[in-house]
Amino acid sequence: MHKIESKNVNFNYGEFQALHDISMSMKENTVTALIGPSGCGKSTYLRLLNRMNDLIDNTHMTGSILIDGVDIYERQTNVDDLRKNVGMVFQKPNPFPKTIYENVAYGLRVNGITDKNEIEERVVTSIEQVALWDEVKDKLKKSAFELSGGQQQRLCIARALAIQPSVLLMDEPTSALDPISTAKVEELIYELKNKYTIVIVTHNMQQAGRVSDNTAFFYMGKLIEYDKTKTIFTKPTIKQTEDYITGRFG
Amino acid sequence: MSQQSSLAKKKRRNQNIAFGIFTFTSYAIVALLFVILAFIVIKGIGVISWEFITEMPKNGMTEGGIFPAIVGTLCLVLVSMVFAFPVGVLAAIYMNEYVKDGWIKKIIKQMTNNLAGVPSIVFGLFGMSLFVNKMGFGDSILAGGLTLGLLVLPIVIRTTEESLKAVDDTFRQASYGLGASKWETTSKIVFPIAFPNIITGLILSVGRVSGETAPILFTVAAYFLPKLPTSIFDQAMALPYHLYVISTSGTNIEASRAMAYGTALVLIIIVLISNLLANALRKYYGNKVKTN
């Protein structure tokens, strides 16, 4: 069974139709890269997977998206529970103006975990998981703003992992980072694949090539081509995909 | 080459003129403020003494102090803030975090703006008919404080709304992304970040409330009441009204002229202290929010 399955998804911002009839599915424990020029709808699609677009007024969606076989846009779906299961990492590192410790603990608290030992254990585990522990273990009580951009982004990933999601959405997670921090995050994505289903939006072709199993090329709100990353990058069947990947446009 | 340098000259000249005007107006404002302050300080400092701020007015308000007016003003500030701050902040949270864009939001916004444009004397009349007569509070600190609270409500709402708007949306998204509800996001993430700026709204309101005369004319202010209020249902003197009385309708206007400047000085000092206090609070919370 597919972990994520979308069928005939259309999405509108007011009058503007941002997505046209998107049907695609993703297997468990794979990394799927969404690529395409700015405004192609890849981020919009990503944000449908944890219903982040609900926050925007005047939007309209048709079609269905299933995660673990359950339609996440059904009436009885609890959005908070959905987002607990489908974690998200954003384009710019956005730790809360709180301590490093509290940044990770916040998600646990809002999900009803009150036991101090459990919170502490999971905070430590998640920070270790993103290979940040050695760098921050002595300053957990300091503001997260004191960390470098790369460290902040890994903290944001730790924050998302702490509440034990099964899907992780990443919206250009390294676009604001330097090459070394980017490499660290990519390495992390590679490791996380064993436990999570990851969907990543990226503008960086090499990155898509390095980290993903499958790649979907979006253009003007349509899913142009979706295949194994290797296939997309070596012998795409559609000319637009090839043009984009080789840098002829976009 | 020569053409280019004449263009460069022209550019530089225009720039200098523009900067000159900006600089002049900024300094002119500062200078004006300084002159007003200096004028009041020079005229009023003479009467300021321990007795002046701690004693009752005496001898047809030409001697003695202004203690009851100071206490009255502080009481009015307190009552109005206790009313306006929570109501205004909650309304702003509702408007900025909860209501979707649409005609309801537009109407609330427009109404708030209209409320801000209503002349303060109209608030006074309204307060008199609602709080003093209809609700039966009589001329009292409660009635006056509530009237002043209504008056500053738009300021509190607007500054709170601006502060909430200034909170980067990515913080909200990150919070929602972790499965937090709207209320958790608002109360635990957005509000604490906005709080230092919300305090600014409080500063502005305190300044406004302590200086307003018209709304308290028919709702609380006593012409001459040489005793302290014992409850919020008592009438009280207030600094701006006292200033008005001794400058226009006292028993001996010439004799109480110095007292008037002294009163004005005290009023300004109170506003100044509240501003400094609020700035300190704002700094304190601004630092705290990063590490809580």
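Bear in mind the structure is a predicted one, so any value in this text is a computation, not a measurement.
Within 6.0 Å of NZ in K165(B) there are more than 12 heavy atoms belonging to other residues, nucleotides or ligands. Within a 6.0 Å sphere centred on OH of Y73(A), other residues, nucleotides and ligands contribute more than 12 heavy atoms. Environment of CD in E15(A): sparse, with no more than 12 heavy atoms of neighbouring residues, nucleotides or ligands closer than 6.0 Å. In this structure, F191(B) places its CZ atom where more than 12 heavy-atom neighbours from other residues, nucleotides or ligands lie under 6.0 Å away. With a 6.0 Å radius and a threshold of 12 heavy atoms from other residues, nucleotides or ligands, Y98(B) has its OH atom above the threshold. With a 6.0 Å radius and a threshold of 12 heavy atoms from other residues, nucleotides or ligands, K139(A) has its NZ atom above the threshold.
Separation of atoms OH (Y176(B)) and CG (D80(A)) is listed at 9.5 Å; rounding is to 0.5 Å.
Nearest heavy atom pair, residue Y106(A) against residue E184(B), reads OH-O, 3.7 Å. Closest approach of R159(A) to A174(B), counting heavy atoms only: NH2-CB, 3.3 Å. Taking all atoms of both residues into account, the shortest heavy-atom contact from D57(A) to D101(B) is OD2-N, 2.8 Å.
Remark: the backbone N or O of A180(B) is not paired with any side-chain donor or acceptor of N111(A) at under 3.5 angstrom. Put simply, the side chain of N94(A) never gets that close to the backbone of F171(B): no donor and acceptor are under 3.5 Å apart.
The contact between P95(A) and chain B is made entirely by backbone atoms, counting heavy-atom distances below 4.5 Å. Neither the backbone nor the side chain of K182(B) has a heavy atom closer than 4.5 Å to any heavy atom of chain A. Residue contact with chain B, scored on non-hydrogen atoms closer than 4.5 Å, is absent for V79(A).
With chain A as the partner, the residue from L178(B), T185(B), D169(B) showing the most heavy-atom pairs under 4.5 Å is L178(B). Contacts with chain A were tallied for K100(B), R172(B), Q173(B); Q173(B) has the most, counting heavy-atom pairs under 4.5 Å.
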